[in-house]
Novice: 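Here it is, the structure in full.
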Amino acid sequence: MGEPVGIDELLEQVRSGFERIDARTAYEAYEAGDALLVDIRYAALRDRDGLIPGALVVERNELEWRLDPLGSHRVPEADSHALRVVVLCNEGYASSLAAASLHQLGLHRATDLVGGFQAWRAAGLPVLLPANREPDQKPDQVG
């Protein structure tokens with residue numbers, strides 16, 4: 001083992017191993033049937049901000065088990081190491097580490113969404129709002 005690194009350096013290292021994509025590119029790949037969007041945000045964030053229609057929700061601690069094409073606990077969509085997976089978290093940090101982990105499983109097309117869910121929403125892309133919120137409310141207006 002080498003010298004310890006801080007999280008900023010670790011993020012830089014893992015991100016150098018794949019090309020991250022922006023929200024519009026992720027949306028277009030999903031719409032074209034060329035990408036599986038995987039939302040790893042925790043439940044409180046999904047409840048607060050909503051969901052991306054069609055995204056597969058997988059808790060971060062289950063990600064590798066659900067997306068390993070060789071695994072016995074995989075989701076049906078995870079049927080090939082050639083699967084293009086776009087991981088998204090809230091702001092695009094944890095998703096980078098998750099995508100790097102998927103690369104270690106042989107999912108060489110795995111990547112993450114720059115800016116995460118917040119960038120998706122800011123780009124005006126589709127979001128299913130939580131049932132307890134009116135469509136015109138902003139997240140910080142929810143009590």
Side-chain angles (χ1 to χ4, degrees), residues 1-131 133 135-142:
M1 273 173 86
E3 291 292 313
V5 298
I7 188 60
D8 293 330
E9 185 176 340
L10 179 61
L11 277 172
E12 187 177 314
Q13 287 174 8
V14 300
R15 287 173 174 169
S16 71
F18 54 90
E19 185 176 335
R20 303 176 76 213
I21 62 174
D22 64 28
R24 179 67 53 189
T25 303
Y27 176 71
E28 290 169 357
Y30 170 75
E31 285 290 301
D34 185 43
L36 176 65
L37 300 177
V38 180
D39 186 346
I40 63 168
R41 292 175 302 143
Y42 53 89
L45 290 175
R46 296 190 311 268
D47 291 346
R48 182 189 77 184
D49 294 341
L51 299 169
I52 294 174
L56 178 66
V57 174
V58 177
E59 296 287 335
R60 174 62 189 99
N61 63 326
E62 296 180 357
L63 183 70
E64 291 81 0
W65 285 267
R66 299 292 181 240
L67 294 180
D68 178 4
L70 302 176
S72 60
H73 298 290
R74 71 176 179 83
V75 295
E77 296 89 344
D79 59 358
S80 167
H81 284 95
L83 178 65
R84 184 176 186 193
V85 176
V86 179
V87 182
L88 65 110
C89 61
N90 193 48
E91 295 182 340
Y93 296 98
S95 58
S96 294
L97 299 174
S101 181
L102 294 177
H103 274 256
Q104 291 180 316
L105 288 176
L107 291 155
H108 61 277
R109 296 180 70 206
T111 188
D112 79 319
L113 180 62
V114 176
F117 178 86
Q118 298 306 323
W120 179 279
R121 185 173 62 189
L125 296 170
V127 172
L128 294 172
L129 296 176
R133 200 170 97 209
D136 59 346
Q137 284 184 308
K138 298 206 182 329
D140 56 351
Q141 294 175 319
V142 177

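Just so we're clear, the structure is a prediction, and the values are computed from it rather than from any experiment.
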Novice: Looking at residues at least two apart in the chain, or sitting in another chain, which of them share a side-chain hydrogen bond (donor to acceptor under 3.5 Å, both in side chains) with Glu59?
Specialist: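 Expected list: Arg46.
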Novice: With a 4.5 Å limit on heavy-atom distance, are the side chains of Ile7 and Leu97 in contact?
Specialist: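 In short, these two side chains touch, coming nearer than 4.5 Å.
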Novice: Return the set of residues passing side-chain contact (heavy atoms from CB on, under 4.5 Å) with Gln13 (not counting sequence neighbours), or none when no residue passes.
Specialist: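 Gln13 satisfies side-chain contact (heavy atoms from CB on, under 4.5 Å) with Val5, Glu9, Leu10 only.
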Novice: Can you tell me if Trp120 uses its side chain to pair, donor with acceptor, with the backbone of Ala26 under 3.5 Å?
Specialist: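 Looks like no, no N/O pair under 3.5 Å.
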Novice: Side chains of Leu67 and Leu102: does their closest heavy-atom pair fall under 4.5 Å?
Specialist: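 Of all side-chain heavy-atom pairs linking Leu102 with Leu67, at least one is under 4.5 Å.
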Novice: Pick one: which of Leu36, Thr25, Leu37 meets side-chain contact (heavy atoms from CB on, under 4.5 Å) with Tyr30?
Specialist: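 It is Leu37; the other options fail the test.
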Novice: How close do Val86 and Asp112 get, counting heavy atoms only, and between which atoms?
Specialist: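 That closest heavy-atom pairing would be CG1-C, 4.3 Å.
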Novice: Quick one: do Ser96 and Arg15 satisfy side-chain hydrogen bond (donor to acceptor under 3.5 Å, both in side chains)? Show the steps, please.
Specialist: CA-CA 6 Å; Ser96 294; Arg15 287 173 174 169; 2.7 Å; yes
Novice: Run the side-chain contact (heavy atoms from CB on, under 4.5 Å) check on Ile52 and Leu88 step by step: do they pass?
Specialist: CA-CA 10 Å; Ile52 294 174; Leu88 65 110; 3.8 Å; yes
Novice: Looking only at heavy atoms, what is the nearest atom pair of Phe117 and Leu51, with distance?
Specialist: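 For Phe117 versus Leu51, the nearest heavy atoms are CE1-C, 4.4 Å.
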Novice: Looking only at heavy atoms, which two atoms of Ala23 and Ala123 are closest? And how far apart?
Specialist: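 So the minimum-distance heavy-atom pair works out to CB-CB, 4.2 Å.
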Novice: Test of understanding: with salt bridge (charged side-chain N to carboxylate O under 4.0 Å, His left out), list the residues that count as partners of Arg60, not counting sequence neighbours.
Specialist: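 Only Glu64 meet the salt bridge (charged side-chain N to carboxylate O under 4.0 Å, His left out) criterion with Arg60.
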Novice: If you look at every heavy atom in Ala99 and Ala110, which pair is closest and at what distance?
Specialist: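 Reported closest heavy-atom pair: O-CB, 4.1 Å.
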Novice: So does Arg84 pair up with Asp34, basic N to acidic O under 4.0 Å?
Specialist: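 Yes.
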Novice: Just to verify, which of Leu63, Asn90, Asn61 counts as forming a side-chain contact (heavy atoms from CB on, under 4.5 Å) with Ile40?
Specialist: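 Result for side-chain contact (heavy atoms from CB on, under 4.5 Å) with Ile40: Leu63.
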Novice: Within the 4.5 Å heavy-atom criterion, are Arg66 and Arg74 side-chain neighbours or not?
Specialist: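 No, side chains not in contact.
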Novice: Atom CG of Leu56 and atom CG of Asp39: how far apart are they, to the nearest 0.5 Å?
Specialist: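 Between atom CG of Leu56 and atom CG of Asp39 there are 9.0 Å.
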Novice: Looking at every non-hydrogen atom in both residues, tell me the closest pair between Arg20 and Thr111 and how far apart they are.
Specialist: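 Minimum heavy-atom contact is CA-OG1, 3.3 Å.
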Novice: Is a salt bridge present between Arg41 and Asp47, judged by a nitrogen-to-oxygen distance below 4.0 Å?
Specialist: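 Result for this pair is no, no salt bridge flagged.
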Novice: Kindly state each residue pair satisfying ring pair (Phe, Tyr, Trp, His ring centres under 6.0 Å) with at least one member in residues 34-76, sequence neighbours excluded.
Specialist: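 Ring pair (Phe, Tyr, Trp, His ring centres under 6.0 Å) check on residues 34-76 returns no pairs.
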Novice: Write down the atom of Pro53, the atom of Pro126, and the distance for their closest heavy-atom approach.
Specialist: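 Looks like CD-O, 3.3 Å.
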Novice: With sequence neighbours left out, write down each residue that passes side-chain contact (heavy atoms from CB on, under 4.5 Å) with Arg24, or none if nothing qualifies.
Specialist: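 Result, side-chain contact (heavy atoms from CB on, under 4.5 Å) vs Arg24: Asp22, Tyr27, Glu28, Leu125.
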Novice: For Phe18, what residues pass the ring pair (Phe, Tyr, Trp, His ring centres under 6.0 Å) criterion, not counting sequence neighbours?
Specialist: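 For Phe18 the ring pair (Phe, Tyr, Trp, His ring centres under 6.0 Å) partners, ignoring immediate neighbours, are His103.
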